[in-house]
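First the structure, in the form of structure tokens, and then the observations on it.
Computation of the quantities below employed the complete heavy-atom set of this structure, encompassing side-chain atoms and omitting hydrogens, waters and symmetry-equivalent molecules. All residue numbers in this chain count up from 1 along the given sequence.
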Amino acid sequence: MLRGLVVLLLMLLASCSTQKDMTFSLKFAAYKALFIDEGRVVDTGNGNVSHSEGQGYGMLFAVQANDQETFDSLWQWTQQVLQRNDGLFSWRYRPCDTRDSQCIDDPNNASDGEILIAWALLRASERWDNTTYKNAAINIIKGVEVKLIKRSNDLTLLLPGEFGFEDEESIQLNLSYWVFPALLNLKKYSDEPGTWQSLYDSGQKLLQHMQFSEYRLPSDWVRLETTTQTQRRLEERLTLQNVISSEYGFNAVRIPLHLAWSLGSVKQGESQLFSPYIAWWQQGKVPATVNLTSGNTANYEMTQGMVAIKGAVKNILQEEPLEWPDIRRRTDYYSASLTLLSMLAVMDNQ
């Protein structure tokens, strides 16, 4: 009798897992039809450019959908067009007549692109038992360690790009580039696992002190003063002056998802990381963005992708039921990407 109940339970769990995989695959099929063109993920909300972040997202989603053909197409385009001689990736491609690397209009990299691409390659290697993917990921990891990770006082930091984000007194950071679950995965394949663990820990430490304005939310970009005045508290060294964006906006909206994805549940002492987001989402009509310096909010509500993140975080942390939005022709690339990313986070935590 007991054996029969165990078998039934296992069958039910397998059925639920299969159903979730099918739901994801169907949404990825829509994503592929709308945004992937011969291995290039097209950002329909920004002049049809492509960027390393988008390629990383597309590769992650293809692995989860068990679509190796699309994965290989995405990875091949990324290698041929975006990958630099040092193994890192130019961050932006703007469509032009040649349809090749000559269309890159900014050769600087964006470190979230490297992290997402390497993570996707590792997940592909595990899913399809392919050491070529793993070796490619390891090479990217080494490149990130050499050019993008640096120590500053008591912190290990991730440069947003190789050039343009630090001066003699400060570094400009983007905490949404700290893709926390990916950092833990990349750590396993690195010759310097302590560096990645320190990067993970430093990101969470920074976020504990990046609670700006009355809303206590993190900004898209923040400046960290790096002069050796270690007697100053961390929150006193973090500023929103002269940053690219002082909003809780389209970058920072990913932070609570990355946190919940890696933590899985809130342990004692971690609730302060999530309480500002929960409070923000409890408004009747939630603005898409808020300027953390002026307090001004967007005149439109959260996008479909932002709503998906809210649902995913509350499901992971509080087991609240959720329903995923459809991906249709009117859905832009970023909202669709955040939707699939949120689905992936939930599936990883079940």
Begin from the C-alpha positions of Thr23 and Met343 and carry the test side-chain contact (heavy atoms from CB on, under 4.5 Å) through to its verdict.
CA-CA 10 Å; Thr23 300; Met343 295 180 72; 4.0 Å; yes
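- Scanning all heavy atoms of the two residues, the minimum distance from Ser262 to Leu184 falls at CB-CD1, 4.4 Å.
- Between Ala118 and Ile141, the shortest heavy-atom distance links the atoms CB-CG1, 4.4 Å.
- Val49 and Val81 are members of different hydrophobic clusters when ILVMFWY side chains are connected at heavy-atom separations under 4.5 Å.
- Interatomic distance, CZ of Arg151 versus CG of Leu199, reported as 10.0 Å (0.5 Å rounding).
- Ring centroids of Trp261 and Trp119 are separated by less than 6.0 Å, placing the two rings close together.
- Using modelled atom types, one side-chain atom of Gln283 and one backbone atom of Trp280 make a donor-acceptor pair closer than 3.5 Å.
- Cluster annotation: Leu157 and Phe163 are assigned to distinct hydrophobic clusters (Ile/Leu/Val/Met/Phe/Trp/Tyr, side-chain heavy-atom contacts under 4.5 Å, transitive).
- Scanning all heavy atoms of the two residues, the minimum distance from Leu121 to Ala136 falls at CD1-CB, 4.0 Å.
- Phe28 and Trp77 fall within the same hydrophobic cluster, where Ile, Leu, Val, Met, Phe, Trp and Tyr residues are linked whenever their side-chain heavy atoms come under 4.5 Å apart, directly or through other members.
- A salt bridge links Glu162 to Arg84: one of the charged nitrogens lies within less than 4.0 Å of a carboxylate oxygen.
- Residue Leu257 comes nearest to Ala345 through the heavy atom pair CD1-CB, 3.7 Å, listed as atom of the first residue, atom of the second, then distance.
- Scanning all heavy atoms of the two residues, the minimum distance from Leu340 to Phe24 falls at O-CE1, 3.6 Å.
- Under a 3.5 Å cut-off, the side chain of Ser73 and the backbone N or O of Glu69 do not form any donor-acceptor pair.
- Two different hydrophobic clusters hold Trp91 and Leu116 under the rule that ILVMFWY side chains link at heavy-atom gaps under 4.5 Å.
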Full working for side-chain contact (heavy atoms from CB on, under 4.5 Å) between Phe89 and Glu114:
CA-CA 7 Å; Phe89 302 89; Glu114 273 81 26; 3.6 Å; yes
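- Between Trp75 and Tyr133, the gap from one ring centroid to the other reaches at least 6.0 Å.
- In this structure, Phe250 and Tyr334 have tilted ring planes: the angle between them lies in the 30° to 60° band.
- Looking at Val253, Leu292, Leu207, Leu273 one by one, the single match for side-chain contact (heavy atoms from CB on, under 4.5 Å) with Pro218 turns out to be Leu207.
- Residues Tyr248 and Tyr215 keep their aromatic ring centres 6.0 Å or farther apart.
- Side-chain contact check for Asp326 versus Lys27: some heavy-atom pair is nearer than 4.5 Å.
- At a threshold of 4.5 Å between side-chain heavy atoms, the hydrophobic network of Ile, Leu, Val, Met, Phe, Trp and Tyr places Met59 and Leu341 in one connected group.
- Residues Trp281 and Val307 fail the side-chain proximity criterion, which asks for heavy atoms closer than 4.5 Å.
- The backbone N or O of Leu186 lies less than 3.5 Å from no partner atom in the side chain of Ser190, so there is not a single donor-acceptor pair.
- Residues Trp196 and Tyr189 place their aromatic rings such that the two centres sit no closer than 6.0 Å.
- Taking the six-membered ring for Trp and thresholds of 30 and 60 degrees, Tyr31 and Tyr333 have ring planes inclined between 30 and 60 degrees apart.
- A pairwise comparison of heavy atoms in Cys96 and Gln102 identifies SG-C, 4.2 Å as the closest pair.
- Note that CZ of Arg254 is 8.5 Å distant from CD1 of Ile309, once rounded to the nearest 0.5 Å.
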